[in-house]
Amino acid sequence: MKKVKVLKRLNGFNLECSNIAPDKSISHRCAIFSLLSDKTSTIENFLLAEDTLASLSIAKQLGAEVEQSGSNIKIKPPQKLKEPEEILDCGNAGTAIRLYIGFLSGVDGLFILTGDKYLRVRPMKRVVEPLREVGAKIDGRERGNLAPIVIRGKKLKPFKYNSPINSAQVKSALILASLRAYSKSYYRESILSRDHTERMLRGMGAGVTTLDNGWIEITPLKKPLKPLNIRVPSDPSSGFFFAVATAITPNSKSVIKNVSLNKTRVEAYNILKEMGADIEFIEKENIYEPIGDIIIKYNGKLKGVRVDKNIAWLIDELPALSIAMATANGVSVVKNAKELRVKESDRISTILEGLNRCGIETKEFSDGYEIVGGELKSARVNSHGDHRVAMSFAIAGLVAGVKVEDIECINTSFPNFFDILTKITNIEFED
Ligand code: S3P
């Protein structure tokens with residue numbers, strides 16, 4: 001049976017938080033990239049959530065040995081990747097399936113990747129088509145667009161690929177495949193998508209170079225890479241739910257600690273600042289990428305905003321940003337965001353359905369939407385199995401009293417979300 005959370009109205013709060021969930025994108029990459037070394041990778045603060053545990057258990061099926069002590073893990077790669085006896089289950093994780101498609105298409109063996117009912121309707125041809133062009137043998141339902149995806153791994157040709165979409169999953173899949181090609185490959189995107197893959201692979205010693213003309217040059221591996229040695233920072237996308245909670249609740253302040261400050265990940269905080277919130281970034285260290293604290297203070301009612309640039313830098317935060325837009329003075333517009341339609345749910349329709357239930361007026365476009373700021377009303381909202389939609393409406397509940405149906409999906413990325421929410425409000429719980 002689906003669970004429902006009922007949230008109460010809230011007065012101001014002060015949150016100092018060092019246990020926002022570890023970064024999901026980086027944790028996936030830790031599990032997968034450790035297989036490119038011949039030595040044990042040491043990963044502290046790995047995200048123990050359904051999505052990233054799926055990547056880790058696939059690494060085990062491919063022969064890795066994992067030693068785990070809480071969220072600290074050691075991954076010892078096999079000498080030679082194993083052809084798995086079973087299907088590889090990516091659960092709800094788009095990152096796991098797309099990165100493993102690229103990774104495995106150049107590995108000798110037969111691999112079958114699938115996922116849950118939500119993942120099985122998400123498009124895979126964005127990685128399958130360019131990989132087929134360089135000789136990959138990949139099939140699946142709808143001629144290879146839908147999982148289950150079957151890969152007969154083989155040596156691939158190099159490529160020069162000017163990607164029509166700004167997607168870190170596509171970029172990463174192709175970079176991983178090209179590491180096993182027989183000569184250098186080149187990849188380009190019109191706007192830099194999150195660049196954890198480039199940074200981490202470079203840190204491991206791979207020849208992944210961004211050239212002055214914007215092309216990424218990838219040199220095939222001649223020998224195994226150095227192992228990863230990393231403490232995963234907190235996830236700015238997870239922290240953003242509490243940034244919005246702070247920006248819409250009078251007399252509130254939050255400090256989100258030890259979070260990635262990578263510019264491709266914190267754009268939503270910049271937009272929230274443009275809407276009027278008081279936001280400060282304090283960089284403290286650099287481990288593969290800049291890491292530090294983000295301080296957010298309530299600063300009066302927010303104002304409407306137009307978001308139509310650098311969409312890849314805030315695509316995951318648009319559900320939560322939409323809650324801020326719904327409470328703002330004036331109209332907000334999101335455009336050039338058709339990628340929202342193929343996330344864990346069709347986020348344009350799930351966000352707008354939820355907001356309409358909360359009494360907010362909206363307009364839908366094929367590549368975005370308009371939100372007329374107003375007063376959120378108490379309502380019952382369905383997440384449609386989408387973790388970010390569930391958490392966004394839980395935050396809306398802080399001002400309006402919202403019942404969020406189907407919240408189990410939150411475990412895919414942020415298992416302690418409600419623990420942190422409990423710190424700042426009273427929660428009633430119903431089944
Ligand atoms: C991710 C990339 C993004 C993002 C997803 C995680 C990644 O997807 O939405 O949550 O880890 O590479 P796209 O690259 O498809 O935009």
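First listed ligand is number 1; within each ligand, the first listed atom is number 1. As the structure is a computational prediction, the values presented were derived from the model and not from experiment.
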| note | Residue shell for ligand 1, any heavy atom closer than 4.0 Å, reads S25, R29, T95, S167, A168, Q169, R194, I315, D316, K343
| Backbone of A173 reached by a side-chain donor or acceptor of Y100 within 3.5 Å | no
| query | Under the side chain to side chain donor-acceptor pair (under 3.5 Å) test, which residues partner T210, sequence neighbours left out? | reply | R202
| said: Test: side chain to side chain donor-acceptor pair (under 3.5 Å). Region: residues 123-146. Which pairs qualify, not counting sequence neighbours? | reply: R126-E339
| query | Which of parallel (below 30°), tilted (30 to 60°) and perpendicular (above 60°) describes F417 and F242? | reply | tilted
| said: Are Y269 and F240 an aromatic pair, judged by ring center distance below 6.0 Å? | reply: yes
| message | Under the rule for side chain to side chain contact (heavy atoms under 4.5 Å, CB included), what residues qualify as partners of A49, not counting sequence neighbours? | response | L47, T52, P415
